[in-house]
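Per chain, numbering begins at 1; letters A, B, ... match sequence-line order.
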Amino acid sequence: MTPPVMTSGRGALRAVPARYVPVLVTACLFAAMFVAGGVRYEGFAGGQVILNVFVDNAFLLVVAVGMTFVILTGGIDLSVGAVVALSTMISASLMAGPGWPPYLVIPLVLLIGSTLGLVMGYIVHAFDIQPFIVTLAGMFLARGLCYTIGTESIPIEDPTFTAFAQTRIDLFADLWISPSVIVAALAVLAAAYVLHYTRLGRTVYATGGSEQSALLMGLPVGRTKIAVYTISGFCSALGGVLLSFYMLSGYGLHAVGMELDAIAAVVIGGTLLTGGSGFVFGTVLGVLVLGLIQTVITFEGTLSSWWTKIFIGLLLFVFILLQRLFSARRRP
Amino acid sequence: MRRLLWPLAVLAALILLNVAFSPGFLSIQMREGHLYGSLVDILRFGAPLILVSLGMTLVIATGGIDLSVGSVVAISGALACLQISEDASVFTAVVLALGLSVLLGAWNGFLVAGIGIQPIIATLILMVAGRGLAQLITDGQIMTVNSPAYKLIGGGYLLTLPFGILLVLVVLGVTAFLTRRLALGMLIESVGGNAEASRLAGIRARGIIVMVYAFAALCAGVAGLMISSNVSSADGNNAGLWIELDAILAVVIGGTSLAGGRFSLGGTVVGALIIQTLTTTIYSVGVPPETTLLFKALVVAAVCLIQSPSFRDKVFRRRGTAAGPRPAAEEKVRVTA
Amino acid sequence: GCGGGGGGAGASGGGDGSITMGFSQVGAESGWRTANTKSVQESAKAAGITLKFSDAQQKQENQIKAIRSYIQQKVDVIAFSPVVESGWDTVLKEARNAKIPVILTDRAVDSKDTGLYKTFLGSDFVEEGRKAGKWLLEEYKSGTDPVNIVELQGTTGSAPANDRKAGFQEVIGGEAKFKIIASQTGDFTRAKGKEVMEAFLKAHPDIDVLYAHNDDMGLGAIEAIEGAGKVPGKDIKIITIDAVKDGMQALADGKINYIVECSPLLGPQLMDLAKKVVKGESVPARVVTEETTFTQEQAKAALPQRQY
Amino acid sequence: MAEPEPILRMSGIGKQFPGVRALDGVDLRLLPGEVHALMGENGAGKSTLIKVLTGVHPCDEGTVELAGREVAFAGPLEAQQAGISTVYQEVNLCANLSVAENIFIGREPRRRGRIDFRRMRTRAAELLARLELDVDVAAPLSSCSLAIQQMVAIARAIDVDARVLILDEPTSSLDAGEVEQLFRVMRRLKEEGIAILFVSHFLDQIYEISDRMTILRNGRLVGEYRTSELSQVELVAKMIGKELADLERLHGEARVFDRPLVEARGLGRAGAVEPFSLTIHEGEVVGLAGLLGSGRTEIARLLFGADHATTGEVTVGGTAVSLRTPRTAMAHDIAFCSENRKQDGLIPDLTVRENIILALQATRGWTRPVPREQQDELVGRYVKALRISPPNPDHLVRDLSGGNQQKVLLARWLILEPKLLILDEPTRGIDVGAKTEIQRLVAELSDGGMAVLFISAELEEVLRLSHRVGVLRDRRLVADLPNDDALTTDVLLETIASGGRA
Ligand SMILES: Nc1ncnc2c1ncn2[C@@H]1O[C@H](COP(=O)(O)OP(=O)(O)OP(=O)(O)O)[C@@H](O)[C@H]1O
Ligand SMILES: Nc1ncnc2c1ncn2[C@@H]1O[C@H](COP(=O)(O)OP(=O)(O)OP(=O)(O)O)[C@@H](O)[C@H]1O
Ligand SMILES: [Mg+2]
Ligand SMILES: [Mg+2]
């Protein structure tokens with residue numbers, strides 16, 4: 001089943017500009033993986049499996065979109081997982097304790113996330129400190145704040161919130177998605193628009209291409225750097241809100257290690273960690289690939305805990321290897 | 001040395017904080033023929049982190065990153081314990097474990113340099129799969145061994161000093177020799193500083209990168225032996241968990257840029273010691289677990305701010321460069337007037 | 001509308017009588033957990049139940065994904081050990097809508113709607129903490145001197161850590177002579193347990209009792225105590241929870257004073273319940289695993305039969 | 001004489017870098033509608049002055065007045081907003097963006113907040129056409145040769161509504177035709193009343209375009225002069241503080257070259273250069289001439305194994321070799337000094353010493369470090385011979401001036417003493433004094449038996465040094481001419497224009 005997809009993919013590759021090749025290859029490989037899964041597992045090839053990947057990863061997608069901005073400038077944001085957790089924690093505690101309504105809580109959470117991002121971005125820019133440490137400190141801070149709010153998991157019982165969380169948007173033929181998917185899709189579209197059609201977006205690419213050149217070209221590099229961390233903070237908070245919909249609880253240990261998933265998704269999607277090259281659409285594919293790998297694992301269903309990990313590693317390896325081989329083939 | 005000034009100051013400040021809370025902190029006694037005290041503990045427990053960070057420093061200097069060190073720590077410990085529990089000699093166990101570590105590192109290096117996969121993803125593969133491998137080796141259990149010879153590596157003493165510290169000194173010495181005495185360091189910095197220019201200068205970047213990842217894994221392997229020998233058991237799931245993050249942090253605190261290029265071994269050692277001292281401080285000062293992370297955030301923020309020249313300018317010399325152009329402008333008025 | 005793919009070898013249950021169970025495990029974070037997994041897998045095989053197993057690597061979102069995938073795969077019954085108590089309503093409702101019964105193992109969920117799951121099989125972490133505290137009360141009932149206790153907690157925020165701390169506190173909190181002079185997380189691991197204990201020993205020269213939230217941390221701490229020249233079990237009394245084999249050995253050797261058992265061998269009970277649930281028989285809403293406590297003498301007797 | 005009020009006045013400018021006093025009491029006046037040359041040796045402080053002016057470096061002492069108002073810019077952005085448009089030394093563009101974007105980023109044409117890419121591309125193409133450049137503006141900048149990148153940077157700067165235009169060595173890799181285009185544009189801007197500050201080490205260009213000049217030496221002001229009132233000889237004397245020896249004949253007696261060293265037969269690379277054949281003999285200097293983008297660099301890279309050839313073969317000393325990597329070429333004693341020192345040459349974080357011995361160390365492998373005494377000796381010799389300043393081998397290369405960086409790169413390859421030395425624009429950005437020094441060195445080396453492939457945009461230089469000149473056009477080697485008295489720059493230009501068929 002796999003080979004025809006590959007060949008047709010490679011044939012088409014000749015026509016596209018070089019910078020789209022990695023994303024295209026990723027897309028083809030993703031399709032191939034899905035088909036392979038469909039052949040191997042009963043019930044896999046249904047459309048709902050793909051939709052579930054979206055439903056189950058909407059929050060990761062939003063977070064990864066924010067991370068894409070940061071990585072495109074050549075930075076990195078390790079705080080996202082912790083900010084997600086903090087957002088769930090704040091939402092849950094405000095709704096459970098003082099009983100705030102969601103329409104107050106959600107904007108507040110988004111504001112807090114953005115502010116955290118803004119502060120980190122400012123420190124990165126103003127004091128010229130490596131983003132790795134700054135955002136690591138941010139990660140400690142956000143997680144620490146979670147634990148000071150509480151170490152227990154707090155359930156969310158607000159009726160509006162729960163109702164929204166449990167809404168299903170029925171598509172045709174038994175297929176459905178959650179509202180979170182729509183939110184995530186909007187975030188992706190907005191990000192793609194900003195990155196490709198606004199000055200901010202283009203400056204993000206320029207900064208990632210060469211920060212020094214961008215500076216000498218008279219671009220607002222500092223403002224851009226602050227902006228991307230703010231965007232990432234906002235996306236993390238939004239991801240946190242979506243995660244609260246998903247989990248209906250706030251908990252300090254939510255989203256542990258999510259920063260790594262987000263970074264992995266971005267990089268698998270073909271974005272260079274050194275900055276300046278990549279697409280949001282690639283990130284979407286990256287998230288889907290991670291999600292699909294997980295789905296394959298559950299469908300496999302017989303793997304012990306350690307084989308699960310080894311198998312994830314193997315799938316990732318095969319995927320990256322093929323991606324690399326097919327993308328590289330163009331350049332002699 | 002000047003680059004180390006501020007990290008050393010932070011280290012000193014942390015130690016002073018400890019002294020304020022427990023006055024006996026600095027005291028070192030002889031107990032049962034070996035040194036005993038909090039400072040010794042910091043070195044002893046910090047030893048694995050220092051080792052992993054040393055390897056990480058070189059990887060980062062080539063412009064890469066190695067996320068898999070934590071898994072290699074687990075694998076190495078697990079394999080050694082498995083061997084020992086199957087009645088192999090400690091020597092065989094150690095050699096096998098380190099051999100496997102080097103192999104895994106070379107695999108990382110091959111993915112990065114040979115196939116051209118971005119380092120973070122290339123090593124992520126082993127980070128995920130390696131944990132599984134370690135658990136596969138231990139069968140998901142905590143494998144306890146009872147071998148005094150093995151115990152020496154991480155928990156024993158030699159010439160009154162913890163063996164781990166001696167091991168660190170040896171590895172540090174070897175690394176310093178390879179990089180600073182021989183030309184390896186310069187070539188690594190060159191590859192990390194400008195890969196294309198290095199290629200055109202005739203440097204065999206591939207070989208160097210594979211070697212560096214293998215070395216990082218070897219360091220991680222030794223650290224894995226230390227960690228598992230210290231508690232006489234191998235824990236496939238938890239050994240070395242998140243140590244890659246601490247190691248990267250140590251490297252960065254030590255003044256090496258994640259973008260590659262110049263690296264500082266001394267800085268890394270100080271960085272690792274800061275992290276370990278911080279951990280010990282949290283225990284001995286009695287920071288409650290819920291606020292541990294806030295405390296860590298505070299210290300990390302302080303470390304990075306104080307290391308930043310522009311922050312120091314802005315805060316310590318209010319009238320200095322902070323208002324940079326302005327005082328100069330006042331002067332200008334006088335000149336032109 | 002799904003299942004359109006080609007004829008693969010899937011073990012979908014249903015009419016043919018064999019039962020397919022989807023089991024979502026928390027992870028493999030400890031020896032206890034691995035023993036738990038083994039028990040489930042082995043008893044499934046013994047009971048002729050097809051087991052779909054997935055490991056969530058300690059993440060709730062992974063468990064939700066796994067359960068959703070089981071619904072997708074139309075298993076006959078879903079069992080899982082929740083990572084945390086909250087946040088299961090949505091996915092459990094989906095399971096109920098798909099008419100798949102759910103069994104909780106090891107740990108409850110805090111949903112108000114108890115109809116979301118059929119039964120809960122597992123131990124009570126708070127009770128474990130209480131048992132540990134009660135032994136301590138008994139042990140020191142005669143003296144009036146203050147008793148200095150240090151506590152090695154599990155992973156910050158994790159359910160067993162929270163509950164074992166709370167249960168212990170509840171019991172000893174009534175007596176003024178018991179003082180917890182230091183409490184720190186040891187992440188449930190030996191290495192951390194040892195490291196934290198070393199620091200405790202330096203900062204507090206007068207520790208009487210160590211309470212560790214699991215055996216592994218206790219075992220690490222024993223090494224630290226020995227390294228400091230003290231005798232574990234005598235100079236410092238040690239209470240731990242779990243009763244894994246290494247812990248029992250240390251208990252039998254006199255290095256630990258008391259262990260509260262937390263049995264991972266839920267498999268056989270789980271399979272019985274699953275069969276009943278699938279047949280539609282009624283089951284009790286709460287099944288407590290049979291757990292005991294061990295003193296040093298009991299440990300010596302029990303050690304030879306210990307399976308994990 | 002009624003001079004207009006200066007639009008820009010810098011007075012008493014001082015700048016201290018750690019260990020280096022880069023500027024000390026420098027004054028500069030720019031009048032509207034003039035082209036003002038900023039002159040000085042490598043490391044005199046020209047670029048630093050420009051960077052201080054535009055706020056890249058904070059200013060330690062002195063004042064800057066723009067149109068009578070005192071200013072202190074915090075960065076290039078502010079300077080640009082105040083009407084100062086700058087092309088900095090080295091190409092400072094983003095290689096990952098398209099040519100059009102590099103020209104317009106920061107001030108893209110927009111429609112309802114959305115960047116109008118189509119209009120941007122048309123305008124970019126127009127702008128480049130005005131510089132007589134025909135490139136695909138949608139292509140990424142990384143696919144353009146260095147000279148074209150330089151032109152793009154110029155296009156970016158002259159499109160701005162500016163009162164002051166600063167060009168720091170914009171012509172270092174441009175050939176005569178392109179320079180002429182640039183000058184035409186500069187004259188037009190000048191007539192519009194724009195003040196232009198121009199830096200170049202080509203004295204002919206200075207005399208052609210500039211009205212007045214300011215001369216710096218070692219960070220100090222030497223003086224301000226009218227170009228018409230200062231002869232070239234005087235200028236050089238003021239710049240380097242001594243008279244310059246004349247260089248007409250560089251090589252010794254005429255020689256016959258009969259021992260082929262490197263022979264390329266049908267060597268080519270699809271999409272870069274068409275198959276060519278070229279023989280380089282021992283002791284021979286072969287020059288390559290051609291317009292920008294004609295494929296000279298590509299030939300050099302193929303001969304060094306920096307790129308893979310798709311056709312043809314190479315023999316070295318009579319035996320066929322496969323030059324797959326630079327490493328294999330170096331094993332055959334071929335060295336290549338690339339034109340783009342920033343991207344393909346220097347390691348900015350390393351010191352002068354380390355950069356110089358890098359290639360030597362690479363040939364020895366990491367296990368055999370170059371002994372310290374040998375390092376000191378080699379580095380010391382070339383620091384002195386090429387007059388690298390500051391003459392401190394432990395200075396970071398990133399902190400050197402552009403011309404000095406170029407010298408470091410050159411030194412790296414000279415110490416290898418290869419059999420074939422490929423020099424791609426080796427004198428880019430190097431001052432007159434050092435340039436003659438380098439030319440003499442090349443001549444000496446070739447007299448000593450070393451073969452040299454010499455590429456330069458400056459045809460005079462090619463003619464002065466080469467025994468033979470290969471001419472390229474549209475990525476094809478169209479002629480291979482012996483350098484006799486009949487060969488002049490005009491003949492060369494004609495050959496280029498006619499494609500060798502004349
Ligand atoms: N960032 C820096 N740090 C330290 N020293 C510097 C820095 N930038 C420039 N210098 C020093 O300042 C002096 C002047 O350099 P500058 O780049 O201005 O020279 P230049 O006149 O432009 O020379 P060139 O013709 O070679 O471009 C040099 O000695 C250089 O080493
Ligand atoms: N890395 C590259 N990738 C793709 N095309 C390139 C690359 N480098 C150069 N080219 C193309 O090859 C052609 C030849 O360029 P080359 O650099 O050899 O020109 P040149 O004769 O050295 O001229 P100059 O250096 O003066 O611009 C150019 O038109 C350029 O567009
Ligand atoms: Mg300059
Ligand atoms: Mg060229």
Checklist entry - Can you name the residues of residues 104-115 of chain B that have some heavy atom under 4.5 Å away from a heavy atom in chain D? => result none
Checklist outcome for this item: Of D/A306, D/A359, D/G55, the largest count of non-hydrogen pairs under 4.5 angstrom with chain B goes to D/A306
Item to check | Residue-level contacts of residues 324-332 of chain D with chain B, using a heavy-atom cutoff under 4.5 Å | outcome: D/P326, D/R327, D/M330
Next on the checklist: If I measure from the heavy atoms of chain B, does D/R301 come under 4.5 Å with its side chain, its backbone, both, or neither?
Outcome noted: side chain
Checklist entry - Just how far is it from atom CG of D/L350 to atom CZ of B/R262, taken to the nearest 0.5 Å? => result 5.0 Å
Checklist entry - CG of D/D349 to OG of B/S190: how many Å apart, nearest 0.5 Å? => result 10.5 Å
Next on the checklist: If you define the side chain from C-beta out and look only at heavy atoms, does anything of D/W366 sit under 4.5 Å from B/I203?
Outcome noted: no
Next on the checklist: What residues of residues 180-189 of chain B make heavy-atom contacts with chain D at a cutoff under 4.5 angstrom?
Outcome noted: B/R181, B/L182, B/A183, B/L184, B/M186, B/L187, B/E189
Item to check | Salt bridge D/R341-B/E196, side-chain N to carboxylate O under 4.0 Å | outcome: no
Checklist entry - Hey, is CZ on B/R204 packed in by over 12 heavy atoms from elsewhere, all under 6.0 Å? => result no
Item to check | Pairs involving residues 407-422 of chain D, ordered by first then second residue, that meet salt bridge (Lys or Arg N to Asp or Glu O under 4.0 Å) (sequence neighbours left out) | outcome: D/D333-D/K419
Next on the checklist: Looking only at heavy atoms and a cut-off of under 4.5 Å, which of B/G207, B/G193, B/A201 has the most pairs with chain D?
Outcome noted: B/A201
Next on the checklist: Determine whether a donor-acceptor pair (N or O, by modelled atom type, separation under 3.5 Å) exists between the side chain of B/N194 and the backbone of D/L346.
Outcome noted: yes
